[in-house]
Engineer: 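Got a structure for you, questions after.
Source: prediction; values computed, not measured.
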Amino acid sequence: EAKNIALMANAIYYASGENLFLSHPWFKQRLAYDAFAAYPSPFGGSNSPISGLPVAVEQVQVGDPKRARSSSNNLLRPLGLMLSRQFPATEETAIWNWVFRQPELDSMRGDYDAFADLLYYFPPPPLVKPTKLSHFDPSLGVIYLRSDWDGPDATHIAFWAGPYLSGHFHFNQGGFTLFKRRDLAPLTGNMDEGANVQYSHKTVASNGILIGNPTEILSGTCDQNGN
């Protein structure tokens, strides 16, 4: 959804000259959001336990938990290249560059990314280590914190308590994750069919607090959209 919104704004900008990127702070803030949502340790590469996987940024997934290589992950670089061209001299772009334009990450993730390199590419910028260590997104109620930007040994914490917006959001408000070179308190589950969907949409898949009601009877299941 985020990429589609940016694509529409981009098409209108080049077709008519109207700059919708300046119409709402979401566009610029999305750069900082994606950078802070990234775990300090990239996924894949020579240190991966699974051979043959290219290195990629891995993020906390507050909604549908699609870790590592996924449709959500593959869209991060095209979206960021598009937005950073609109906000070149901002703190948000500098933070995004520090995460996504490191030499080992600044390349296509696959054929689906080729258009981004053609349409939005610009030479690698100077990388400046960020000074901010936290980011709050008021629309989603998400807070990201990290101990530093020095390398994979940084501690990363995410916490969320916001509105339930759609079926892609789960019943896990008040949940959190803790990462220190590996998952210490992860958001679990995946979006495969069947029982996995039933598990991943529920509070038990997160680190939220469950308060049991002995008279409550749980019945029925939810579909892939959480309904």
Side-chain angles (χ1 to χ4, degrees), residues 2-3 6 29-85 91-117 120-135 137 142-160 176-191 207:
K3 185 188 174 188
Q29 289 298 316
R30 183 70 192 197
L31 290 160
Y33 179 94
D34 280 339
F36 271 95
Y39 289 116
S41 300
F43 177 84
S46 58
N47 295 324
S48 173
I50 305 175
S51 61
L53 294 178
V55 65
V57 172
E58 187 176 19
Q59 284 186 321
V60 177
Q61 293 294 329
V62 176
D64 293 346
K66 299 174 181 177
R67 294 283 298 275
R69 297 300 300 274
S70 68
S71 58
S72 299
N73 176 284
N74 293 333
L75 298 177
L76 294 175
R77 184 169 175 271
L79 174 62
L81 288 174
M82 191 188 315
L83 294 176
S84 60
R85 285 172 65 94
E91 181 183 30
E92 290 80 3
T93 291
I95 295 172
W96 187 87
N97 286 338
W98 179 261
V99 174
F100 288 91
R101 303 218 64 180
Q102 295 289 341
E104 68 274 15
L105 294 167
D106 194 18
S107 62
M108 294 189 302
R109 301 294 97 197
D111 293 341
Y112 37 75
D113 205 6
F115 80 93
D117 272 23
Y120 315 124
Y121 180 80
F122 51 95
L127 300 180
V128 179
K129 184 167 67 174
T131 57
K132 284 185 62 177
L133 297 177
S134 64
H135 178 74
D137 186 310
V142 178
I143 298 175
Y144 295 113
L145 308 100
R146 53 186 300 151
S147 59
D148 57 73
W149 296 91
D150 296 327
D153 197 45
T155 301
H156 186 280
I157 299 172
F159 172 81
W160 54 93
F176 69 94
T177 63
L178 175 60
F179 186 93
K180 176 76 170 179
R181 298 191 71 89
R182 60 185 61 84
D183 287 309
L184 300 181
L187 180 64
T188 60
N190 60 63
M191 287 302 296
N207 296 297

Engineer: Output yes when a side-chain donor or acceptor of Glu92 lies under 3.5 Å from a complementary backbone atom of Arg30, and no otherwise.
Structural biologist: no

Engineer: With sequence neighbours excluded, what pairs up with Tyr33 under the ring pair (Phe, Tyr, Trp, His ring centres under 6.0 Å) test?
Structural biologist: Tyr144

Engineer: Only counting residues at least two apart or in another chain, list the ones meeting side chain to side chain contact (heavy atoms under 4.5 Å, CB included) with Phe176.
Structural biologist: Phe159, Ala185, Asn207

Engineer: Is there a side-chain contact between Ser84 and Tyr120 in this structure, where contact means two heavy atoms from C-beta onward sitting under 4.5 Å apart?
Structural biologist: no

Engineer: Under the rule for side chain to side chain contact (heavy atoms under 4.5 Å, CB included), what residues qualify as partners of Ala35, not counting sequence neighbours?
Structural biologist: Ile95, Val99

Engineer: Would Val128 and Asn97 satisfy side chain to side chain contact (heavy atoms under 4.5 Å, CB included), going step by step from the backbone distance to the final call?
Structural biologist: CA-CA 8 Å; Val128 179; Asn97 286 338; over 6 Å; no

Engineer: How long is the straight-line distance from CG of Leu178 back to CG of Asp183, given to the nearest 0.5 Å?
Structural biologist: 9.0 Å

Engineer: Is there side-chain contact between His135 and Val142, with heavy atoms separated by less than 4.5 Å?
Structural biologist: no

Engineer: Which residues pass the side chain to side chain donor-acceptor pair (under 3.5 Å) test with Trp160, sequence neighbours left out?
Structural biologist: Asn172

Engineer: Listed by chain and number, what are the ring pair (Phe, Tyr, Trp, His ring centres under 6.0 Å) partners of Phe100, not counting sequence neighbours?
Structural biologist: Trp96

Engineer: Measure the spacing between CG of Leu145 and NZ of Lys132 and express it to the nearest 0.5 Å.
Structural biologist: 11.0 Å

Engineer: Rounded to the nearest 0.5 Å, how far apart are CD of Gln59 and OG1 of Thr177?
Structural biologist: 11.5 Å

Engineer: Once side chain to side chain donor-acceptor pair (under 3.5 Å) is applied, do any residues pair with Asp137, and if so which ones, sequence neighbours excluded?
Structural biologist: Ser139

Engineer: Would you please name every residue forming a salt bridge (charged side-chain N to carboxylate O under 4.0 Å, His left out) with Arg146, sequence neighbours left out?
Structural biologist: none

Engineer: Would you check if Asp106 and Arg77 make a side-chain contact, meaning some heavy-atom pair closer than 4.5 Å?
Structural biologist: yes

Engineer: Of all heavy-atom pairs between Gly151 and Pro40, which one has the smallest distance, and what is that distance?
Structural biologist: O-CB, 3.7 Å

Engineer: Mind checking salt bridge (charged side-chain N to carboxylate O under 4.0 Å, His left out) for Asp153 and listing every partner two or more places apart, or none if nothing turns up?
Structural biologist: Lys180, Arg181

Engineer: Going by side chain to side chain donor-acceptor pair (under 3.5 Å), name the residues that satisfy it together with Thr93, two or more places apart in sequence or in a different chain.
Structural biologist: Thr90

Engineer: Considering residues at least two apart in sequence or located in another chain, which fulfil the side chain to side chain donor-acceptor pair (under 3.5 Å) criterion with Ser147?
Structural biologist: none

Engineer: With rounding to the nearest 0.5 angstrom, report the CG to CG distance, Leu31 to Leu83.
Structural biologist: 5.0 Å

Engineer: Distance from Ile157 atom CD1 to Leu184 atom CG, nearest 0.5 Å?
Structural biologist: 10.0 Å

Engineer: Between Thr131 and Trp149, is any pair of side-chain heavy atoms under 4.5 Å apart?
Structural biologist: no

